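None of these values were measured; they are calculated from a predicted model. Position 1 is the first residue of the sequence; numbering continues from there.
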Amino acid sequence: MRSYLDKSPVAVGFVVAVAVMGGISLACAGPAKVEKAPDKNALTAEQCIDNNATTGPVEPFEDALITADIVDTDLDKITITRGMCEEIVERTPGGSPVERAAAVGNLTQELRLIENSMEDASHGDVDGNGRVDAKDKKIAASASLAASRAARQTMTGATEEGATDGGVISKLDAQPAAYLTQQQTMPVPTGESTTGSASASASASASASASASASASASASAAAGRDQHAGSSLRDKGRSSGTRAAAEKGAGPKAAAGGGQCAATVGLIGVTLHVIKGYITFEGPARELRLNDRDEARLTVAPKALGSIEELRREVGRARGNGKAEADCMHLGTQIEPKMVSNDDGLGIEWNDFHKKNVRSDTSVSWTWDVGANQEGSHYLILNLKQYVDTKAEGGTPLSFEESPFDDYIIHVNATRAQVFAAFLSRRGPLLVPVFLTILTAIVIPLVVFWWKRRNRPGGPGNGSGGTPRNDGWM
């Protein structure tokens with residue numbers, strides 16, 4: 001009994017020590033982590049594009065998208081809402097994965113600016129209940145998307161007036177002055193061209209729109225001094241629809257007004273980029289190239305594009321009402337920067353010009369590239385076109401042309417039999433050298449040695465005496 005009593009305090013002490021250490025460990029680790037349920041309203045940008053694909057998945061283009069600065073990270077790491085996904089699909093009815101990736105980048109940037117405008121206008125009290133809390137951020141996120149969609153639909157809806165082919169939005173060949181003040185539409189050459197046709201397309205576009213340009217200039221002068229024109233009312237409609245949509249999502253009067261103004265500006269910029277695209281021609285390289293051949297690609301922006309930008313600035317300057325300052329959430333600049341890449345290593349692309357140039361009023365600006373055929377097969381040529389905008393929150397930042405007609409350019413590279421064989425040797429050469437050396441060592445060299453010995457042995461075929469001495473009877 002004594003032995004048991006002597007040992008029991010030690011055992012009790014050990015148990016207490018273990019319990020204390022366990023409690024300390026739990027306290028340091030904190031409460032057990034509870035796995036959060038997945039957000040059913042969220043998905044990745046890659047899922048959005050692939051789930052609504054009409055021309056194939058985006059994965060083969062992802063490296064090229066990052067190289068071209070269309071996105072800054074892999075699309076499977078960009079989380080968006082299902083409402084944002086619907087907006088992206090609506091903006092890019094053609095279904096091109098490259099265009100939709102551009103829409104992802106633009107939309108996330110635009111919503112961030114509209115949210116900032118709402119918060120600035122309401123000093124953070126987005127719902128207008130007198131205090132700033134987490135609820136304000138949540139409302140700002142949903143209200144900014146609603147305001148953006150409503151304003152953009154109002155702006156682009158005017159282009160459907162002259163639409164054909166089942167209501168598809170027509171391409172405009174009018175400066176925003178004529179478009180915004182008179183809401184007139186007229187068809188324009190598509191701006192797409194194959195080798196040798198871009199110059200003709202540009203000349204035809206210039207001739208077809210000469211009278212429209214004169215009318216647009218006159219309209220711009222008149223609109224500068226009169227707010228009652230349809231252009232101003234169109235912008236006011238965009239602001240009103242954006243404000244109303246934000247309010248329906250819970251935004252207070254000040255925040256809704258600020259978001260509506262910014263959404264209207266963003267919508268007008270989208271319309272302006274749509275118009276500017278009509279002043280751009282692209283002459284791509286030949287769609288059929290021989291292996292190792294090179295050809296030139298050229299992109300040209302006509303001087304009329306500058307008038308579109310100037311009229312947009314005047315229109316934004318006519319903003320009025322509550323939240324007018326938030327109309328300055330984004331200004332469209334004059335700098336354009338294209339970037340051409342391929343989806344693989346089959347094409348080699350070299351710049352011949354500066355990357356970034358200003359649109360001019362006196363002459364066209366252009367960029368050229370040398371495109372080389374490096375590998376046999378079919379390769380995509382992707383041209384991403386960006387125009388720079390100035391923002392209060394982010395300074396100068398690029399905005400992609402979502403409706404770029406240049407991202408489905410496919411070049412087929414063919415090779416002669418001699419080129420195919422030479423390319424095979426260049427690719428497989430390091431692997432073939434050991435095989436060649438093995439054959440040389442094991443077969444060729446022994447055969448040569450055998451032949452040489454046979455040729456030079458005494459009395460052999462190679463002996464100069466001619467073999468065994470002949471007995472002619474003299475001996």
Side-chain angles (χ1 to χ4, degrees), residues 84 86-93 99 102-103 106-107 109-111 113-114 117 143-163 167-186 188 216 219-220 223 227 229-246 256-278 305 307-321 323-324 326-332 387 389 399-403:
M84 292 171 66
E86 292 175 5
E87 171 70 5
I88 290 165
V89 173
E90 289 175 7
R91 289 189 183 191
T92 52
E99 290 182 356
N106 285 356
L107 181 60
Q109 179 185 10
E110 293 165 10
L111 296 185
L113 293 173
I114 296 173
S117 294
S144 62
L145 177 60
S148 175
R149 295 188 71 175
R152 178 176 283 264
Q153 288 170 358
T154 299
M155 302 296 176
T156 58
T159 67
E160 296 179 354
E161 182 179 337
V168 178
I169 294 178
S170 300
K171 292 180 179 175
L172 305 178
D173 188 24
Q175 295 182 10
Y179 168 67
L180 294 172
T181 61
Q182 300 174 12
Q183 299 185 28
Q184 294 177 344
T185 62
M186 57 185 297
V188 61
S219 299
D227 283 344
H229 274 285
S232 181
S233 65
L234 177 62
R235 188 189 186 287
D236 286 343
K237 288 179 182 178
R239 175 188 55 79
S240 297
S241 61
T243 300
R244 184 167 54 252
Q261 286 277 20
C262 185
T265 299
V266 169
L268 277 176
I269 288 177
V271 169
T272 304
L273 292 180
H274 182 83
V275 175
I276 290 175
K277 192 188 70 174
S308 305
I309 300 169
E310 292 172 346
E311 177 57 26
L312 171 68
R313 290 173 176 173
R314 288 192 290 268
E315 191 60 44
V316 172
R318 286 194 285 266
R320 58 181 182 271
K324 182 181 185 304
E326 279 62 50
D328 297 332
C329 65
M330 181 186 289
H331 287 289
L332 186 63
Q387 187 153 354
V389 295
L399 196 67
S400 291
F401 282 67
E402 296 169 4
E403 301 173 280

Participant: Kindly determine whether Ile309 and Ile276 satisfy side-chain contact (heavy atoms from CB on, under 4.5 Å), including the steps that lead there.
Facilitator: CA-CA 9 Å; Ile309 300 169; Ile276 290 175; 3.9 Å; yes
Participant: Roughly how far, to the nearest 0.5 Å, is NE2 of His331 from OG1 of Thr265?
Facilitator: 8.0 Å
Participant: Just to verify, what does Ser117 make a side chain to side chain donor-acceptor pair (under 3.5 Å) with, not counting sequence neighbours?
Facilitator: none
Participant: Tell me, do Leu332 and Val316 make a side-chain contact under 4.5 Å, heavy atoms counted?
Facilitator: no
Participant: Can you name the side-chain contact (heavy atoms from CB on, under 4.5 Å) partners of Ala245, sequence neighbours left out?
Facilitator: Ala146, Ala150
Participant: Taking side chain to side chain donor-acceptor pair (under 3.5 Å) as the definition, give me every residue that meets it alongside Thr92, ordered by chain and number, with sequence neighbours left out.
Facilitator: Arg100
Participant: Name all residues meeting the side-chain contact (heavy atoms from CB on, under 4.5 Å) criterion together with Ala256; count only those two or more places apart in sequence or in a different chain, and write none if there are none.
Facilitator: Thr243, Ala246, Ala247, Ala251
Participant: By side chain to side chain donor-acceptor pair (under 3.5 Å), which residues pair with Glu87, not counting sequence neighbours?
Facilitator: Arg91, Arg149
Participant: State, to 0.1 Å, how close Ala264 and Gly238 come at their nearest heavy-atom pair, and which atoms those are.
Facilitator: CB-C, 4.0 Å
Participant: Hey, is the main chain of Leu268 close enough, under 3.5 Å, to the side chain of Thr272 for a donor-acceptor pair?
Facilitator: yes
Participant: Looking at every non-hydrogen atom in both residues, tell me the closest pair between Met84 and Leu107 and how far apart they are.
Facilitator: O-CD2, 3.6 Å
Participant: Could you list the residues that satisfy side chain to side chain donor-acceptor pair (under 3.5 Å) with Ser241, not counting sequence neighbours?
Facilitator: Thr154
Participant: Could you check whether any side-chain heavy atom of Glu110 comes within less than 4.5 Å of a side-chain heavy atom of Arg152, counting everything from C-beta outward?
Facilitator: yes
Participant: To the closest 0.5 Å, what do you measure between CD1 (Ile269) and SG (Cys329)?
Facilitator: 7.0 Å
Participant: Flag the pair Glu99 / Glu402 as yes when at least one side-chain heavy-atom distance between them is below 4.5 Å, and no otherwise.
Facilitator: no
Participant: Are the side chain of Asn106 and the backbone N or O of Ser400 linked by a donor-acceptor pair below 3.5 Å?
Facilitator: yes
Participant: May I ask you to decide whether Arg313 forms a salt bridge with Glu310, counting only side-chain N to carboxylate O separations under 4.0 Å?
Facilitator: no
Participant: What's the shortest heavy-atom distance between Gln387 and Phe401, and which atoms?
Facilitator: OE1-CZ, 3.5 Å
